[in-house]
Amino acid sequence: MKKRLVVLLAGLLTVLSMGFGSAQFSDVPAGHWAKEAVEKLADEGIILGFPDGTFRGNEGLTRYQAALIIFRVLETIREEQLAQLDEETLTALRNAVQELAAELSSLGVRVGALEDNAATKDDVARLEAAINELRAQPVPEPGVDEKALRELAERVEAASIAADTALAQAQQLNEQLGAVEGDLAALRSLVEANADSIKALNDLAVLLNQDVLELQDRVTALEKVGQPDVSGLASQDQVVAVQEFATALRNDLVNLSNRVSALDTQVADIDERLQTVEANVFTVTGSVNATYEVRRSWGAMENFDIDRVIPDTAFSSGDGNNNDLIVDEEDLGDVKEGATDVSVSLEFATQTRDGTSTPGGLNLHEAVVEFGITPDYLVDTDGDGNADAVGYVFYVKDFDTVFSIGNAPLTFSFGQNPTWKFTEYLGDNDENGRGDGFVATFEPGFGTFTVVYGSKGADDGDNEYFRGARFATNLGDNIHLGASVLEEGADFPNNPDPRQAFGVDASVTLGPITASGEFVSSKVQSAAEADTVIVAKVELEPSESFSATAAYFSVDPDFDGTNNAGMSNDVTVNGLGGDDNEAEFGANTTGFEVTADVMLGAFEASVTYKNQTDFQNANGASSDDFTRLDADASLALGVFTLEGNFTNYTNATQPAESVMGASASLNLAAFTLKGFFDTTSVGGVQVEQNADAGFGDPEATTQFGVELTHDGSAENALIGGLDLTARYTAFPVAGGDDSEILVYGDLDAKLGIINLNPIFRFRSLSGATPVSTTKFGVQANTEPFALPLEPSLMGGYVTRSTNDNSTPVSETAYYAGLEFNKFLFENSTAKVAYGAYMGSNINNVLVGSAENAFDASADNLYANTGALEGRVTGLYFTWTYYDLTFDYADFNVDNNGTITHAQAFKMAYEVEFGEK
């Protein structure tokens, strides 16, 4: 019985000290070799784990924990075998436990003796490690833990099998490389899987190395104790056996490391070959579009807009005239007899590639090419001189390549409409290219040379070409110099009248001062005088709190979008400037401008004075000659903000105009209470409202009032999503009885699965031309219901009633729709909607002139005051299955008694390739 108990305790302590896992504990992986034993011990209640659900099998076992386990074993034996054991047997069990405790105590005494006899601190440390390792052995007799050694052997064997498996996988992967190169995604997955295998093997190698080092330390400690009595700990044969096992384990580890290295080398070679394959793959973007459409009309057959009735239909023409409105363009009413349109647009591009040119040529470092196929709608298939079919043309969109001449890179870019830029006033084509051609850039280290050549407007029949060159350099960090020449004209003897231009530009920075300037002279060869640009500017910024700028400018009128002396496509029709050109001063202007900005804590102020005249002023004063002074300032005092502004505009042919305003605001949470006063005068006479746009402010008004606003997007909003404005304004000039009361707002709200957006507006203007408006509406939509077909609802209603100087004006619009988000099968949706728009005393029924239906800040919906009356009503259905769409529309329009009925059917298929 004693022997049975000792063996049982030894097994328990060995299992706990080696670390294992069970499905009952979160920190130990499944499939461990001791899984069955752990589950059995856990079921018996001998092992309970820690409160966080972990077992911590790799931690050391304390004597208190060992005592608790022994106690639970005794209790288990007592419960299961008490009826079978007699008193003599139980006494033997108690004696066995006492003997085990005595032997553990004896081990402690012998450890102390060994510590006293150790020659050095290192010997003591190694001896302590050896004794602690032996102390962890649960058997009372001395000896080496054979189970621990078996486990290490099993680990080595498992690692060896894993290495062989991974190496076999790598060899198989290498054999399949030729086929895999055709499928990059699959190859990348295999490489990543090998990388994970290598990481796992490396981690295992580290663990095994730690085990070997620990085992060697134990052997070395036993060898070095020498003179101390260790006969009770381990025999010499056992020490030799441990040494031999450690040596064998080290050899296995070296073999495993060599296999891992070989596998790592093969995967690196595969990855390099994969990168080469990827670099030679084309990317494809574009689309294929096919539509079949039928339209028919009855009655007056007037074309009309339907966006006011039902938004987002397939028959909307969108914003075709680019005026930010979609309701001002016709959608239905025209007739189309079963027309089918098919178009394909594809673009191909390479990744950056390395290569070498022909022998004796320049070395090709990098090349990127983009080309494509696009529809050509000017194809005459039957020879009658009319375009009657869609053809396709192949084009090169762009090609960039980098050569090397010594250490200086030479970059070429050519294709359709390459972009380039010299300065803002000469050759500004970096957003919209000048025409097909090439751009070459050479950077030898002391500057940048740029050469451009191409056909102006591409192959448009005028045979005009552009050619030019520019050199720019920096002298240190503070001086920039540039020089440009540019020519444009037809290369034929019968048209030798090109436009030629040259320009210089420079900037110098000295401390807080930066001076810059540009001069351009552009001349048609046969012209008597050149068109010029002179711009000089000085900027001063001694600190963050103060800055000032002074500029002089003189720009010839031919630097516009018509004569285009600057040979730039990034120019507005009326002169330089706009989104694509950052030129500060426009064409046909001469003058100077001075600005100053001050920021001192909570105080900010800005002053600008500008004097501008016509570039050519031979006929005396022009309506474009003016002087203007603008000043504004603000002061923040806690929750108070004070603001003021002043503008004085003097025109050479009109009376002087001035605007002055002041306001004080109180900011409390999301609320702002503001009092304001503005006064406007023309020729020294105060006016109610200045309709003259001479100084760019046609709404300047003499007024005073108070305004309260609430910001629904503020974190401390009283009602989240509610934007509210309430204002009272008095106009004291026109008889003293003009005043306006205005209250409007909108709310973004969510009620369960319903999204609501109600709006309201009330305006009352009294005086000689009184106007009153009441407007309200709501838009709503739901998320899909958890019902068959996953239906959702949407709808909107808005109406306004205006009394415009005794003329009653009304507009009403509404729509309602039902959408099935899972119509019959996956990836299928269907929607049906009905809507209407109607108005009286409006200026247009067929199309709209504004887009303010659900805008609370505006009186009207889509139309202004007029003399017409009518309505537009319609039904719309759409079904989408993947990229295939069917649309049907049936609409009626009553334009002041003139009736048009229109129907339309459309089937469309569209596929997009790559990223758009």
Side-chain angles (χ1 to χ4, degrees), residues 548-555 557 572 574-578 584-598 604-634 642-665 674-707 727-740 742 765-769 771:
T549 302
Y552 170 79
F553 54 92
S554 177
V555 184
T572 61
N574 297 321
L576 297 165
E584 193 170 352
F585 308 104
N588 195 27
T589 61
T590 298
F592 64 89
E593 181 179 81
V594 179
T595 64
D597 295 292
V598 178
E604 296 183 18
S606 177
V607 179
T608 300
Y609 178 78
K610 186 173 185 178
N611 184 300
Q612 178 176 306
T613 62
D614 277 359
F615 183 88
Q616 295 174 335
N617 201 11
N619 297 323
S622 167
S623 60
D624 293 330
D625 296 349
F626 69 88
T627 61
R628 176 169 177 163
L629 174 65
D630 288 286
D632 59 80
S634 65
L642 303 177
E643 296 179 296
N645 64 276
F646 175 77
T647 297
N648 182 269
Y649 179 87
T650 302
N651 188 287
T653 61
Q654 296 177 352
E657 308 170 22
S658 65
V659 175
M660 181 174 63
S663 66
S665 303
K674 179 180 179 180
F676 57 89
F677 172 79
D678 300 294
T679 179
T680 300
S681 64
V682 177
V685 178
Q686 194 176 42
V687 296
E688 176 182 350
Q689 185 164 350
N690 176 23
D692 192 305
F695 56 86
D697 191 2
E699 298 182 357
T701 303
T702 297
Q703 61 184 7
F704 64 86
V706 62
E707 179 182 82
R727 182 168 68 233
Y728 171 80
T729 307
F731 308 97
V733 175
D737 58 353
D738 281 14
S739 63
E740 181 185 61
L742 180 62
L765 176 65
S766 63
T769 56
V771 178

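Excluded from the calculations below are hydrogen atoms, water molecules and symmetry mates; all remaining heavy atoms, backbone and side chain alike, are included.
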Visitor: Identify, with sequence neighbours excluded, every residue that meets salt bridge (charged side-chain N to carboxylate O under 4.0 Å, His left out) alongside Glu604.
Guide: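 Expected list: none.
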
Visitor: Rounded to the nearest 0.5 Å, how far does CG of Asp738 lie from OG1 of Thr729?
Guide: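 The OG1 atom of Thr729 sits 11.5 Å away from the CG atom of Asp738.
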
Visitor: Below 4.5 Å, heavy atoms only, C-beta onward: do Asp630 and Asn645 meet side chain to side chain?
Guide: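 The answer is no, as the side chains (C-beta and beyond) never meet within the 4.5 Å cut-off.
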
Visitor: Looking at OH of Tyr649 and CZ of Arg628, how far apart are the two atoms once the value is rounded to the nearest 0.5 Å?
Guide: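 With rounding to 0.5 Å, OH (Tyr649) is 8.0 Å from CZ (Arg628).
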
Visitor: Taking side chain to side chain donor-acceptor pair (under 3.5 Å) as the test, write out the residues that go with Thr549, two or more places apart.
Guide: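 Per chain and number, Thr549 pairs via side chain to side chain donor-acceptor pair (under 3.5 Å) with no residue.
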
Visitor: Do you know which two heavy atoms are closest between Phe553 and Glu593, and how far apart they sit?
Guide: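 The answer is CE2-N, 4.3 Å.
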
Visitor: Can you tell me how far the OG1 atom of Thr680 sits from the CD atom of Gln703, to the nearest 0.5 Å?
Guide: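 Reported to 0.5 Å precision, the distance equals 8.0 Å.
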
Visitor: Output all residues satisfying salt bridge (charged side-chain N to carboxylate O under 4.0 Å, His left out) with Asp678, sequence neighbours left out; order by chain, then residue number.
Guide: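 Asp678 satisfies salt bridge (charged side-chain N to carboxylate O under 4.0 Å, His left out) with no residue once adjacent residues are dropped.
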
Visitor: If the condition is side-chain contact (heavy atoms from CB on, under 4.5 Å), which residues does Thr679 pass it with, not counting sequence neighbours?
Guide: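 Thr679 satisfies side-chain contact (heavy atoms from CB on, under 4.5 Å) with Met660, Phe677, Gln686, Thr702 once adjacent residues are dropped.
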
Visitor: Can you find a side-chain donor-acceptor pair between Ser658 and Asn648 that sits under 3.5 Å?
Guide: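 Not at all, the side chains of Ser658 and Asn648 share no donor-acceptor pair under 3.5 Å.
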
Visitor: What pairs with Glu643 under salt bridge (charged side-chain N to carboxylate O under 4.0 Å, His left out), at least two apart in sequence or on another chain?
Guide: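 Listed in chain order: nothing, the list is empty.
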
Visitor: My understanding is that only residues two or more places apart in sequence, or in another chain, count here; which of them pass side chain to side chain donor-acceptor pair (under 3.5 Å) with Thr589?
Guide: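 Thr589: no side chain to side chain donor-acceptor pair (under 3.5 Å) contacts found.
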
Visitor: Which atom names give the shortest non-hydrogen contact between Ser665 and Lys674, and what distance separates them?
Guide: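 That closest heavy-atom pairing would be OG-CG, 3.5 Å.
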
Visitor: Of all residues at least two apart in sequence or in a different chain, which pass the side-chain contact (heavy atoms from CB on, under 4.5 Å) check with Ala605?
Guide: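 Testing Ala605 for side-chain contact (heavy atoms from CB on, under 4.5 Å), a comparison that skips the adjacent residues, returns Phe603, Ala633.
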
Visitor: Taking side chain to side chain donor-acceptor pair (under 3.5 Å) as the definition, give me every residue that meets it alongside Asn611, ordered by chain and number, with sequence neighbours left out.
Guide: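 So Asn611 forms no side chain to side chain donor-acceptor pair (under 3.5 Å) with any residue.
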
Visitor: With sequence neighbours left out, write down each residue that passes side chain to side chain donor-acceptor pair (under 3.5 Å) with Glu740, or none if nothing qualifies.
Guide: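 Checked Glu740 against side chain to side chain donor-acceptor pair (under 3.5 Å); matches are Arg763.
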
Visitor: So which heavy atom on Val555 is nearest to which on Ala587, and how close?
Guide: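 Heavy atoms of Val555 and Ala587 come nearest at CG1-CA, 3.8 Å.
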
Visitor: Going by side-chain contact (heavy atoms from CB on, under 4.5 Å), name the residues that satisfy it together with Tyr728, two or more places apart in sequence or in a different chain.
Guide: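 Once residues adjacent in sequence are excluded, the partners of Tyr728 under the side-chain contact (heavy atoms from CB on, under 4.5 Å) criterion are Val706, Ala730, Ser739, Ile741.
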
Visitor: I want to check something: taking the side chain as every heavy atom from C-beta on, are Phe676 and Arg727 in contact at a cut-off of under 4.5 Å?
Guide: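 The answer is yes; the side chains approach within 4.5 Å.
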
Visitor: Drop me the distance from Asp625's CG to Thr650's OG1, to the nearest 0.5 angstrom.
Guide: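 With rounding to 0.5 Å, CG (Asp625) is 12.0 Å from OG1 (Thr650).
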
Visitor: Would you call Thr613 and Phe626 a side-chain contact if the rule is heavy atoms closer than 4.5 Å?
Guide: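 Counting from C-beta outward, Thr613 and Phe626 never come under 4.5 Å.
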
Visitor: Could you work out, with ring-ring contact (aromatic ring centres under 6.0 Å, His included) as the rule, every residue matching Phe704, not counting sequence neighbours?
Guide: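 ring-ring contact (aromatic ring centres under 6.0 Å, His included) check on Phe704 returns nothing, list empty.
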
Visitor: For Leu642 and Ala664, work out which heavy atoms get closest and say how close.
Guide: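 That closest heavy-atom pairing would be CD2-CB, 3.6 Å.
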
